[in-house]
Amino acid sequence: MSTLPIATTRQVRQAATALVRADGRAFAAVLALNAAAALLGLAGPWLLGRIIDRVADGATAADVDRLGLLLLGCALAQLLTSRQARYLAHRFGERSAAKVREQLLDRVLSLPAATAERAGTGDLTARGTADSTAVGETLRDAAPELLVAGAQVLFILGAILTVSPLLGSCGLIGVFGIALGSRWYLRRSRPAYLADRAATADLAEVLAATAHGARTVDALGLGEQRLAAGAGAVGTAHRARMRTLYLRLRYFAGINLSYTLPSVLVLPLGAVLVAHHTVTLGAAVSTALYLQRVVDPLDNIVVLLESLQSSTAAYARVEGLAAATEAPVPAQARAEEREPADDRIRVTGVHHAYPDGPDVLHGLDLDLTPGERLAVVGPSGSGKTTLGRLLAGLDRPRAGTVTVGGVPLADLSPERLRRQVVLVTQEHHVFLGTLRDNLRIAAPAADDAALTAALDTVGWQHDLPDGLDTELGPAATRLDGARAQQLALARVVLADPHTLVLDEATALLDPATARHTEQALAATLTGRTVIAIAHRLHTAHDADRVAVLAHGRLTDLGPHETLLAAEGPYAALWHTWRTT
């Protein structure tokens with residue numbers, strides 16, 4: 001399940017209110033026009049009732065014609081007013097939906113790296129696509145329609161009670177039934193829709209993981225396990241969807257009864273009242289027409305209410321990202337943020353554990369001299385990658401400190417942190433756009449000469465059809481893993497940090513290319529601190545010092561030759577690597 005939070009009902013209400021206030025004048029205009037359209041819509045049944053009564057009283061054809069023309073004018077005015085109201089409502093909805101999407105993008109980009117990694121791609125993808133789309137469609141379509149329907153119902157009920165309070169009470173019986181059914185539905189639907197959307201996100205995560213690792217699944221014969229995982233996710237999503245369907249079916253069945261009951265009651269009651277001269281025939285006809293007319297907006301409200309519950313659940317997921325993002329640092333706080341005294345990185349008494357797990361690092365102490373090359377080696381599971389994440393400021397240690405110039409790395413703002421330390425792993429992303437666009441992510445102001453020099457540094461073969469203008473991506477030029485890794489390393493050269501953490505950064509390159517790339521990077525990054533985490537021990541051979549981890553503890557630390565002579569854990573690793 002996702003670790004990203006879900007907004008509460010109150011938070012969703014506050015966010016929606018903020019959207020309305022941001023475009024308050026347009027919203028007020030929509031309300032006013034809808035109210036005017038609803039009032040104009042009341043004229044038809046009332047005028048028809050007046051015509052019946054006037055005919056019964058012996059009115060002339062001219063009197064009837066005048067009332068008929070007035071009825072036609074009101075209908076035309078209602079049509080034009082309703083059209084303008086919908087036009088303004090859709091414009092309001094589109095602007096509000098755009099604000100939601102822009103806010104979502106800002107929040108996703110502000111997510112701490114560790115939070116985004118734990119959340120998984122499925123949940124983030126679902127919130128950024130299906131959930132945000134549902135919110136946008138509601139703001140554009142459902143919300144304006146709900147305003148129109150709500151205004152119509154209120155005014156029609158008022159007109160019914162004005163024409164005949166006794167007959168109008170029949171309409172109130174139906175509204176009371178709808179209110180009870182809606183209360184039952186609303187209490188149960190929100191958690192059901194949240195579970196439905198969460199299950200859909202989990203299903204997307206399982207499918208994405210299986211597709212992304214298809215070669216590994218095939219190579220290791222994991223097809224049955226992945227099919228079972230997919231079937232489990234589908235089953236959970238199906239059960240969640242069926243729960244929402246069950247609620248809808250029961251809700252709509254009760255609502256249909258509430259629609260029918262008023263009409264069944266008003267016709268015989270109206271006939272009795274007309275026979276006893278308690279109400280006029282025109283009033284009875286007007287009331288019956290009003291009750292027929294109120295069915296459509298009530299039906300719209302019921303359908304839109306169901307849609308609104310689904311979109312509210314989606315909005316709760318979208319708005320929930322606010323609690324997971326890094327809060328923007330005010331200008332004054334940025335100015336007061338402690339500036340590291342120097343480039344020295346120290347690890348002091350560090351213990352670290354991942355959520356709900358035991359410690360993977362135990363009391364590490366490490367002092368890096370600015371400009372040195374440190375190789376971190378050890379068997380799989382020894383804590384090398386975890387140490388790299390701490391040194392890059394991505395995670396905060398459970399105990400102890402990781403500082404640069406006396407300032408905890410995890411306390412630095414993202415902008416300042418990336419000027420200090422950059423982490424490069426073997427997982428890289430090629431963004432849609434040109435090769436130039438991909439490089440300028442690290443240095444927006446770099447010219448073509450600087451971009452080309454960075455590519456040369458990492459051994460890039462300049463064989464793309466359009467050079468820096470070559471479009472990259474699935475539908476254009478695709479880069480294999482090795483070239484994507486070189487592209488990432490070129491970004492590092494352009495970013496120019498004082499400390500670089502390489503976590504298996506050349507693992508996808510062949511040994512000869514990896515060796516050349518590492519040597520080229522070493523020449524370029526002279527004077528900078530380089531922490532290389534690798535299984536290829538030739539990296540350790542070239543380092544100033546070697547740190548050996550085993551079971552989350554530092555077991556050896558020193559220059560390559562000194563550790564070899566000591567015949568300790570590092571020497572054992574070296575001899576094993578040389579003989580394999």
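In terms of heavy atoms, V430 sits closest to A484 at CG2-CB, 3.8 Å. Y315 approaches A15 most closely through the heavy-atom pair OH-CB, 3.5 Å. Closest non-hydrogen pair, L104 versus S132, comes out as CD2-CB, 3.8 Å. Among all heavy-atom pairs drawn from E471 and T434, the shortest one is OE2-CG2, 3.3 Å. The shortest heavy-atom contact between L423 and A392 is CB-CB, 3.6 Å. A pairwise comparison of heavy atoms in P358 and A353 identifies O-CB, 3.3 Å as the closest pair.
With rounding to the nearest 0.5 Å, the separation of CG in L247 from OH in Y185 is 6.5 Å. Here CZ of R183 is found 9.0 Å from CZ of R188. Values are rounded to the nearest 0.5 Å. Here the CG-OG1 distance, from L394 to T386, works out to 11.5 Å after rounding to the nearest 0.5 Å. Atom-to-atom distance recorded for R10:CZ and T17:OG1 is 11.0 Å, nearest 0.5 angstrom. The line from CD of E319 to CZ of R13 is 13.0 Å long, rounded to the nearest 0.5 Å. Distance NE2/H238 to CG/L245: 9.0 Å, rounded to 0.5 Å.
Within the 3.5 Å criterion, the main-chain N or O of R317 finds a donor-acceptor partner in the side chain of R127.
No side-chain heavy atom of L19 sits under 4.5 Å from any side-chain heavy atom of F27. The side-chain heavy atoms of R86 and L33, taken from C-beta on, include no pair separated by under 4.5 Å. Within the 4.5 Å cutoff, the side chain of L79 has no heavy atoms near those of the R83 side chain. At least one side-chain heavy atom of L361 sits less than 4.5 Å from a side-chain heavy atom of L390.
Partners of R478 under the salt bridge (Lys or Arg N to Asp or Glu O under 4.0 Å) rule, at least two apart in sequence or in another chain, do not exist in this structure. T9 is linked by a side chain to side chain donor-acceptor pair (under 3.5 Å) to R190, counting only residues two or more places apart in sequence or in another chain. The side chain to side chain contact (heavy atoms under 4.5 Å, CB included) test applied to Q225 returns L222, not counting sequence neighbours. Checked against side chain to side chain contact (heavy atoms under 4.5 Å, CB included), E94 has the following partners two or more places apart in sequence or in another chain: R140. Not a single salt bridge (Lys or Arg N to Asp or Glu O under 4.0 Å) links R226 to another residue, sequence neighbours left out. Residues satisfying the side chain to side chain donor-acceptor pair (under 3.5 Å) test with R241, not counting sequence neighbours, are D196. For the salt bridge (Lys or Arg N to Asp or Glu O under 4.0 Å) test, residues two or more places apart in sequence or in another chain that qualify with R398 are D359. Among residues two or more places apart in sequence or in another chain, the ring-ring contact (aromatic ring centres under 6.0 Å, His included) test is passed with Y246 by none. Applying the side chain to side chain contact (heavy atoms under 4.5 Å, CB included) test to A233 and every residue at least two apart in sequence or in another chain returns L203, V206. R239 meets the side chain to side chain contact (heavy atoms under 4.5 Å, CB included) test with T236; sequence neighbours excluded. With sequence neighbours excluded, no residue satisfies side chain to side chain donor-acceptor pair (under 3.5 Å) with T81. With sequence neighbours excluded, the residues that form a side chain to side chain donor-acceptor pair (under 3.5 Å) with R95 are D23.
Within 6.0 Å of OH on Y87 lie no more than 12 heavy atoms contributed by other residues, nucleotides or ligands. Taking a 6.0 Å sphere around CZ of R101, one finds it holds more than 12 heavy atoms contributed by other residues, nucleotides or ligands.
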Checklist entry - When you look at L435 and L487, which way does the side chain to side chain contact (heavy atoms under 4.5 Å, CB included) test go after all the steps? => result CA-CA 9 Å; L435 177 59; L487 176 58; 3.7 Å; yes
